[in-house]
Novice: 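Pasting a structure here, questions to come.
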Amino acid sequence: MNLSEIGYRRVVVKLGTSVLTSGSLKLDRAHMVELARQMACLMKAGVEVVLCTSGAIAAGKEHLSYPKLPDTIASKQLLAAVGQSQLILAWSQLFSIYDLHVGQLLLTRADLHDRERYLNARDSLNALLNNGIIPIINENDAVATAEIKVGDNDNLSARAALLCDADLLILLTDQKGLFDADPRKNPDAKLITEVQKIDDSLRMLAGGAVSGLGTGGMATKLEAADIARRAGIEVVIASGHHKDVIQNVVCKKPVGTHFTALEHPLESRKQWILAGPKARGQVELDVGAITAVTEKGRSLLSKGIIKVNGEFLRGDTIELIDSKGKVYAKGMSRYGSIDVDKIAGKHSDSIEEVLGYDYGDAVVHRNDMVVL
Ligand SMILES: Nc1ncnc2c1ncn2[C@@H]1O[C@H](COP(=O)(O)OP(=O)(O)O)[C@@H](O)[C@H]1O
Ligand SMILES: N[C@@H](CCC(=O)OP(=O)(O)O)C(=O)O
């Protein structure tokens, strides 16, 4: 690989279950060797690689010879606990062919949202990279329950890219990229090669369909791409079976769907709001407030709030929605849900009178808000 062709310094590669199993029910080790070779090639050329690998549950099923288990969280945890050790063993052996060491990081949402744990994970990631070791990341499925899960490895890989300050995120899957319709259902679907903006019409194309063992389909890949590109990270969705796909993407050859990074990325505080805590609740806005927030860059005032959904505390992240549930923005609330309920629809001047105290005019200040 010609070093002068490479425009990137640190790359996160996410491999979906669909790629690792090649559509079968077991890990396709022959193909994993090929992917390890490509990543090793990058490392040798001076590009740091972080691998976000799925496949623990598939590997667990394979290792236990496809046991009949009840469809419960405990069964998934069992399969992930068995499969993750098989998965890391496989990667460790494959990278050792190229004299490369790997280090395992199993994360949950809590590791990314608690500031201290976030910094610990970041330090560990940097320590591995600075010593030429490939960090291998997966969700800690064996202990994570829905409440503390990121939920899918597309979103996890975007957060990993933010965490290690990568400049490229490559999402490899079983399709050539994002199509204008699900290619499984529409053989005439066309590949979208370049995306400048992720909006509702694009999200509609992603649908909800997934391959046999995958989680989330294109919808979660678009969520991941949105988070990463807003943080200034380029994203490519491509086929994990395309010849030399990783090298081609890194050398900026036309392959898959490329998402341009925002020229002016969100500041790190807003990146954290976007990628960080799960929204604890929602506030429904009237039309004027939606315009003020989305088009005029204003803070959300109590007057524009119609309704409160869920229970949240001051400082929690909430979603700003319309009457149909469409989410327009995500932000940190300066008031808890009980207070917002009391001041909804009222003028900011009356907040102190109603509550007996006042944390300022804005319920969600524009500095604490990301418009989607
Ligand atoms: N617009 C689209 N373009 C491409 N694939 C799509 C689209 N909409 C849905 N899909 C589905 O998403 C699947 C890939 O997601 P998923 O099964 O979660 O894979 P992975 O294991 O790689 O994360 C594809 O097999 C495809 O059927
Ligand atoms: N953490 C899970 C994979 C979750 C996931 O997002 O899967 P995929 O959609 O195949 O990338 C596992 O290792 O089996």
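For ligands, and for the atoms within them, numbers begin at 1 and follow the listed sequence.
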Novice: With under 30° as parallel and over 60° as perpendicular, where do the rings of Tyr335 and Tyr359 fit, or are they tilted in between?
Specialist: tilted
Novice: Of all the heavy atoms in Gln84, does at least one lie under 4.0 Å from an atom in ligand 2?
Specialist: no
Novice: Backbone, side chain, both or neither: what part of Ala206 comes under 4.0 angstrom of ligand 1, heavy atoms only?
Specialist: backbone
Novice: Please could you name the atoms of ligand 1 that Pro183 approaches to less than 4.0 Å, counting only its heavy atoms?
Specialist: 2 (C), 3 (N), 4 (C), 5 (N), 6 (C)
Novice: Test of understanding: given a 4.0 Å heavy-atom threshold, classify the contact between Met218 and ligand 1 as side chain, backbone, both, or neither.
Specialist: both
Novice: When rounded to the nearest 0.5 angstrom, what distance separates CG in Leu79 from CD in Gln84?
Specialist: 12.5 Å
Novice: Ignoring angles and geometry beyond distance, decide whether Phe179 reaches within less than 3.5 Å of ligand 1 through its nitrogen or oxygen atoms.
Specialist: yes
Novice: Before accepting this row, confirm whether a basic side-chain N of the pair Asp174/Arg184 lies closer than 4.0 Å to the acidic partner's carboxylate O.
Specialist: yes
Novice: Which atoms of ligand 1 are found less than 4.0 Å from any heavy atom of Thr173?
Specialist: 14 (C), 19 (O), 20 (P), 22 (O)
Novice: Under 6.0 Å from the six-membered ring centre of Tyr8 and within 45° of its axis: does the NZ or CZ of Lys252 meet both?
Specialist: yes
Novice: Quick check on contacts: which atoms of ligand 1 are under 4.0 angstrom from a heavy atom of Leu205?
Specialist: 1 (N), 2 (C), 8 (N)
Novice: Taking distance alone, with N or O pairs closer than 3.5 Å, would you say Asp180 contacts ligand 1?
Specialist: no
Novice: Under the side chain to side chain contact (heavy atoms under 4.5 Å, CB included) test against Val12, which residue among Ile170, Leu171, Asp167, Val50 passes?
Specialist: Val50
Novice: Can you tell me if Lys14 contacts ligand 1 (heavy atom of the residue under 4.0 Å from the ligand)?
Specialist: yes
Novice: Hey, is Asp316 close enough to Arg334 for a salt bridge, meaning N to O under 4.0 Å?
Specialist: no
Novice: Among Leu222, Val236, Leu191, find the residue that satisfies the side chain to side chain contact (heavy atoms under 4.5 Å, CB included) test when tested with Thr257.
Specialist: Leu191
Novice: Could you list which atoms of ligand 1 come closer than 4.0 Å to a heavy atom of Gly16?
Specialist: 20 (P), 21 (O), 22 (O)
Novice: Does Lys326 make a cation-pi contact with Tyr328, if we ask for NZ or CZ under 6.0 Å from the ring centre and within 45° of the axis?
Specialist: yes
Novice: May I ask you to check if ligand 2 and Lys14 share an N or O to N or O distance below 3.5 Å?
Specialist: yes
Novice: Where is the tightest heavy-atom contact between Asn153 and Thr53, given as atom of each residue plus distance?
Specialist: ND2-O, 3.2 Å
Novice: Under 4.0 Å between a Lys/Arg side-chain N and an Asp/Glu carboxylate O for Lys243 and Glu34?
Specialist: no
Novice: Just heavy atoms, cut-off under 4.0 Å: does Ala181 contact ligand 1 by side chain, backbone, both, or neither?
Specialist: backbone
Novice: For Asp152, take its heavy atoms, then give the atoms of ligand 2 lying under 4.0 Å from any of them.
Specialist: 6 (O)
Novice: Identify, by atom number and element, the atoms of ligand 2 in contact range of Gly16, meaning under 4.0 Å from any of its heavy atoms.
Specialist: 10 (O), 11 (O)
Novice: Report yes or no: does Val19 have a heavy atom closer than 4.0 Å to ligand 1?
Specialist: no
Novice: Any nitrogen or oxygen of Gly217, side chain or backbone, less than 3.5 Å from one on ligand 1?
Specialist: yes
Novice: With respect to Asn138, determine whether any N or O atom, backbone or side chain, lies less than 3.5 Å from an N or O atom of ligand 2.
Specialist: yes
Novice: Are Lys190 and Asp180 ion-paired here, with the side-chain N under 4.0 Å from a carboxylate O?
Specialist: no
Novice: Closest by any non-hydrogen atom to atom 2 (C) of ligand 2: pick that one out of Asp141, Ile57, Thr17.
Specialist: Asp141
Novice: May I ask you to test the Asp361-Ile351 pair for a side-chain heavy-atom distance under 4.5 Å?
Specialist: no
Novice: For ligand 2, which is the ligand I care about here, please tell me if Ala58 has any N or O atom under 3.5 Å from one of the ligand's N or O atoms.
Specialist: no
Novice: If you measure every N/O of Lys221 against every N/O of ligand 1, is any gap under 3.5 Å?
Specialist: yes
Novice: Any N/O of Ser54 closer than 3.5 Å to an N/O of ligand 2?
Specialist: yes
Novice: Does Ala219 come within less than 4.0 angstrom of ligand 1, counting non-hydrogen atoms of the residue?
Specialist: no
Novice: Side chains of Asp123 and Asn120: is there a donor and an acceptor less than 3.5 Å apart?
Specialist: no
Novice: Is there a side-chain contact between Val283 and Ile321 (heavy atoms, below 4.5 Å)?
Specialist: no
Novice: Taking only heavy atoms of Gly55 into account, list the atoms of ligand 2 that are under 4.0 Å away from them.
Specialist: 12 (C), 13 (O), 14 (O)
